[in-house]
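Okay, so here's the structure we're looking at.
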Amino acid sequence: MELLISTILGCFAIGVILSAPMGPIGILCVQRTLNKGREAGWWTGLGAAISDLLYCLLTGMGMSFVNKVIEANQAPLQIFGSVILLVFGVFLIKRNPAKEIKDTSDKKENHYQEMGTGFLLTLSNPLLVFLIIPLFARFGFPSTEMPWPLIIIGYGFILVGAIVWWTLITFLVNAVRSHFNIRSMWVINIVIGIIILILSVYGLVTGLMHYIN
């Protein structure tokens with residue numbers, strides 16, 4: 001039961017962290033929510049969430065042949081993953097979303113097209129793998145000790161985490177649309193960056209404690 005709960009929480013966190021940064025897809029989702037309504041933004045986010053899950057599946061399968069090595073070196077990999085997340089958190093805090101804004105108000109698309117553009121835009125960023133790997137190392141997923149049903153549940157909660165994030169962000173943007181601006185998107189990046197920094201510092205401390213003890 002403890003492994004189930006930790007897997008669910010860890011994979012949910014992975015889904016949220018992959019989706020939360022206000023990069024190109026986040027900007028597009030916010031713009032469509034402001035210009036076309038909450039549904040347009042949500043479908044865009046859903047496409048991005050499916051693409052995130054695909055990258056996670058590919059990364060997980062690619063890592064399967066070195067799972068024993070990963071588990072044998074869990075502490076150093078946790079430290080390495082935490083350092084990568086630390087750098088990413090600092091980058092996120094300093095990132096200016098204004099540089100990535102493009103006008104989308106005149107484009108007519110149905111929900112499947114909106115989902116498709118969200119999927120393809122996220123899929124066009126293979127560097128996402130370099131965030132997924134340290135996240136997998138940080139949360140210990142997937143593991144050879146996990147039964148297949150639990151791994152499937154884990155991947156499912158990565159998707160759930162991403163969908164919950166896009167549902168939340170589109171709801172909030174739609175609710176405060178008259179007050180939402182570039183600064184708001186920058187604040188989101190800063191908050192998420194700080195959360196990632198906290199997670200990375202915690203990972204560093206627990207990884208280093210392995211050597212101290």
Side-chain angles (χ1 to χ4, degrees), residues 1-21 26 42 45-89 92 122 128-172 188-189 191-213:
M1 180 60 69
E2 183 179 345
L3 181 59
L4 174 63
I5 294 174
S6 64
T7 299
I8 288 174
L9 293 177
C11 290
F12 184 88
I14 290 172
V16 172
I17 292 173
L18 287 176
S19 302
W42 187 87
L46 178 61
I50 294 172
S51 187
D52 285 341
L53 177 62
L54 177 60
Y55 268 123
C56 286
L57 286 168
L58 292 174
T59 304
M61 287 187 290
M63 290 172 62
S64 61
F65 73 99
V66 292
N67 263 345
K68 290 184 179 179
V69 177
I70 292 174
E71 290 174 6
N73 299 276
Q74 188 172 1
L77 282 172
Q78 182 173 340
I79 293 172
F80 173 75
S82 297
V83 170
I84 296 296
L85 289 179
L86 185 68
V87 173
F88 179 69
L92 196 59
T122 305
L128 192 64
V129 171
F130 293 100
L131 179 58
I132 293 172
I133 291 174
L135 281 172
F136 277 6
R138 170 64 187 82
F139 290 101
F141 178 86
S143 167
T144 53
E145 296 179 357
M146 293 179 178
W148 277 106
L150 184 58
I151 292 176
I152 293 172
I153 290 172
Y155 281 117
F157 271 89
I158 290 176
L159 181 62
V160 169
I163 291 176
V164 167
W165 170 258
W166 292 119
T167 301
L168 177 64
I169 198 67
T170 52
F171 175 82
L172 292 176
I188 290 174
N189 268 4
V191 171
I192 297 301
I194 291 172
I195 293 173
I196 291 175
L197 286 179
I198 293 171
L199 286 173
S200 63
V201 169
Y202 175 78
L204 276 172
V205 171
T206 54
L208 291 172
M209 288 297 292
H210 174 83
Y211 293 104
I212 296 174
N213 296 330

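In this structure, Met61 and Leu58 have side chains that are in contact, with non-hydrogen atoms separated by less than 4.5 Å. Contact annotation: the side chain of Ile158 never approaches that of Asp52 to less than 4.5 Å [non-hydrogen atoms, C-beta and beyond]. Within the 4.5 Å cutoff, side-chain heavy atoms of Cys56 are placed close to those of Phe136. Counting heavy atoms from C-beta on, the side chains of Trp166 and Leu46 never come closer than 4.5 Å.
Here Phe157 pairs with nothing under the ring-ring contact (aromatic ring centres under 6.0 Å, His included) rule; sequence neighbours left out. Remark: Thr167 pairs with Arg38, Trp42, Ile163 by the side-chain contact (heavy atoms from CB on, under 4.5 Å) rule, at least two apart or across chains. Judged as a side-chain contact (heavy atoms from CB on, under 4.5 Å), and not counting sequence neighbours, the contacts of Pro149 are Pro147. Remark: Ile198 pairs with Ile194 by the side-chain contact (heavy atoms from CB on, under 4.5 Å) rule, at least two apart or across chains.
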Atom pairs and distances, donor-acceptor, side-chain atoms in residues 7-16, under 3.5 Å, two or more places apart:
residue	atom	partner	partner atom	Å
Thr7	OG1	Leu3	O	2.7

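Summarising the geometry, atom CG belonging to Leu128 is positioned 7.0 Å from atom OH belonging to Tyr55; distances are rounded to the nearest 0.5 Å. To the nearest 0.5 angstrom, Thr170 atom OG1 is 10.5 Å from Trp165 atom CH2. Considering OG of Ser19 and CD1 of Ile169, their distance stands at 11.0 Å, rounded to 0.5 Å. Between atom CG of residue Leu150 and atom CD1 of residue Ile153 there is a gap of 5.5 Å, rounded to the nearest 0.5 Å.
Taking every heavy atom of both residues into account, Pro142 and Gly60 meet most closely at CG-CA, 4.4 Å. Across every non-hydrogen atom of Phe141 and Ile151, the tightest pair is CZ-O, 3.5 Å.
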